[in-house]
Amino acid sequence: MFVKNLKYNLPDKDGFFGEFGGAFVPDEFKKVLDNLDAEFEKAKNDEAFLTNLYELLKDYSGRPTPLYFAKNLTNYYGKAKIYLKREDLNHTGAHKINNVLGQALLAKRMGAKRVIAETGAGQHGVATATAATLLGLDCTVFMGEKDIVRQHLNVERMKLLGAKVHSVDTGSKTLSDACDAAIDYWIRHADEVFYILGSAVGPNPYPKMVRFFQSVIGAEIKQQILEKEGRLPDYVLACIGGGSNAIGAFHAFMDDDVNLIGLEAAGEGIDTGKTAASLTVGKKMILHGKRQYVLCDENGKVKESYSISAGLDYPGCGPEHCYLKDSGRAKYYPITDDEAVAAFARLSKLEGIIPAIESSHAVAYLEKLMPQTTPEQIVVVNISGRGDKDTERLLQLLV
Ligand SMILES: *Cc1c(COP(=O)(O)O)cnc(C)c1O
């Protein structure tokens with residue numbers, strides 16, 4: 001149920017998607033990444049490893065997640081048929097567990113006893129703590145001091161799951177600084193620690209590894225839509241933070257005639273400076289070990305990102321999305337906070353499904369897309385996670 005052997009054959013052996021990606025790290029650390037790359041390639045071709053992983057995805061996380069025909073939402077627009085891929089029904093509430101179970105199993109296979117992770121909103125931290133507990137691995141999560149205060153409940157969940165939460169008090173004390181701190185710690189302890197990275201970012205092999213573990217999303221969509229409709233969809237929509245749920249949903253369709261659309265967080269608007277739309281307004285530079293589009297000022301200094309959604313609030317973006325944007329194979333559009341909040345309420349009212357505020361960015365794009373579609377067409381929206389975590393905060397905005 002993972003995607004292999006496509007005609008679309010990227011990244012290259014050095015981890016480049018065109019001019020993006022790569023592994024910009026100190027030389028001695030390059031060896032660690034090369035070893036990880038080799039171990040990952042072996043694991044991904046080992047049927048016993050894949051069977052073991054799929055058993056966990058199935059019995060522990062609840063895969064396959066449903067592909068649900070959203071009749072009310074479809075009637076609301078009166079155009080193309082809309083299907084929702086229900087990643088929100090996964091254990092721990094989002095797609096992140098797919099990747100985390102994969103990397104944690106790989107860590108065990110490589111003999112690691114300890115794992116570390118970075119987290120912003122705490123979702124990836126909770127997923128990592130969960131997988132670590134399940135597989136008997138010691139777990140430390142790096143988290144910005146500001147986020148620890150803002151995301152108190154997730155901090156308590158991680159502790160309950162037996163993880164240590166390491167407070168990061170440098171820089172803006174948020175996700176980007178937690179990434180720096182986790183990478184720094186990893187470089188100093190690489191012989192005994194496995195770094196479970198939370199999105200399709202970081203130096204090679206992480207972007208392709210995360211894509212592989214998340215490709216289960218698109219592989220299932222393909223099988224499910226063929227069963228239900230006998231043909232492929234016309235559009236696949238997904239929100240973009242670092243880009244893991246989107247690349248997971250897109251990958252199975254890379255060789256097909258399917259429109260792939262990523263929705264990034266415009267925040268208060270792409271011209272306001274309070275935005276996270278790195279693909280729309282970012283510049284090409286190196287951050288966290290890879291070349292990509294990054295939000296920065298005139299002097300090339302990384303700018304703090306802003307979005308109402310903590311999961312999309314990151315100044316960079318995965319290298320493959322940078323490549324797919326420039327090549328035109330996928331399209332990317334910014335969605336504002338207000339548009340996402342309206343979509344959050346709309347999907348809740350029409351379908352009884354409360355989406356994560358991240359996923360609401362993908363749902364919001366239907367407002368623009370649907371008038372251009374016809375009733376014969378099919379649109380799939382990836383609902384990356386559930387919105388329980390956002391409800392209290394968003395209700396204050398909706399009254
Ligand atoms: C973390 C998160 C995202 C953003 O991460 P990607 O790597 O871009 O998928 C999106 N949706 C939810 C529900 C999340 O928790």
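Every heavy atom of this structure was used, including side-chain atoms; hydrogens, water molecules and symmetry mates were not. Order of listing sets the numbers, starting from 1, for every ligand and every atom in it.
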Determine, using heavy atoms of Glu87 and all atoms of ligand 1, whether some pair is separated by less than 4.0 Å. no

NZ/Lys164: more than 12 non-hydrogen atoms of other groups inside 6.0 Å: yes

Charged tip of Lys44 within 45° of Phe49 ring normal and under 6.0 Å: no

With sequence neighbours left out, the residues meeting ring pair (Phe, Tyr, Trp, His ring centres under 6.0 Å) with Tyr83 are Phe69

Contact (N/O only, under 3.5 Å) between Gly243 and ligand 1: yes

If the plane angle is over 60° it's perpendicular, under 30° parallel, otherwise tilted; pick one for Trp186 and Tyr206. perpendicular

Determine, considering heavy atoms only, which of Gly387, Ala121, Gly311 sits nearest to atom 5 (O) of ligand 1. Gly311

I'd like to know whether ligand 1 has Ala246 as a neighbour, heavy-atom separation below 4.0 Å. no

Do ligand 1 and Ser244 have nitrogen or oxygen atoms that lie under 3.5 Å from each other? yes

Look at the rings of Phe212 and Phe40 and say which category their plane angle falls in: under 30° parallel, 30 to 60° tilted, over 60° perpendicular. perpendicular

Quick one: ring pair (Phe, Tyr, Trp, His ring centres under 6.0 Å) pairs with a partner in residues 364-385, sequence neighbours left out? Tyr333-Tyr365

Mark up the atoms of ligand 1 that fall under 4.0 Å of a heavy atom belonging to Gly241, in ascending order. 8 (O)

Under 4.0 Å to a heavy atom of Ala356 - the qualifying atoms of ligand 1, by number: 13 (C)

Using a heavy-atom cut-off of under 4.0 Å, does the side chain or the backbone of His95 touch ligand 1, or both, or neither? side chain

For ligand 1 and Lys96, I'd like to know whether there is a polar contact (N/O to N/O, distance under 3.5 Å). yes

So is there a nitrogen or oxygen of Lys389 less than 3.5 Å from a nitrogen or oxygen in ligand 1? no

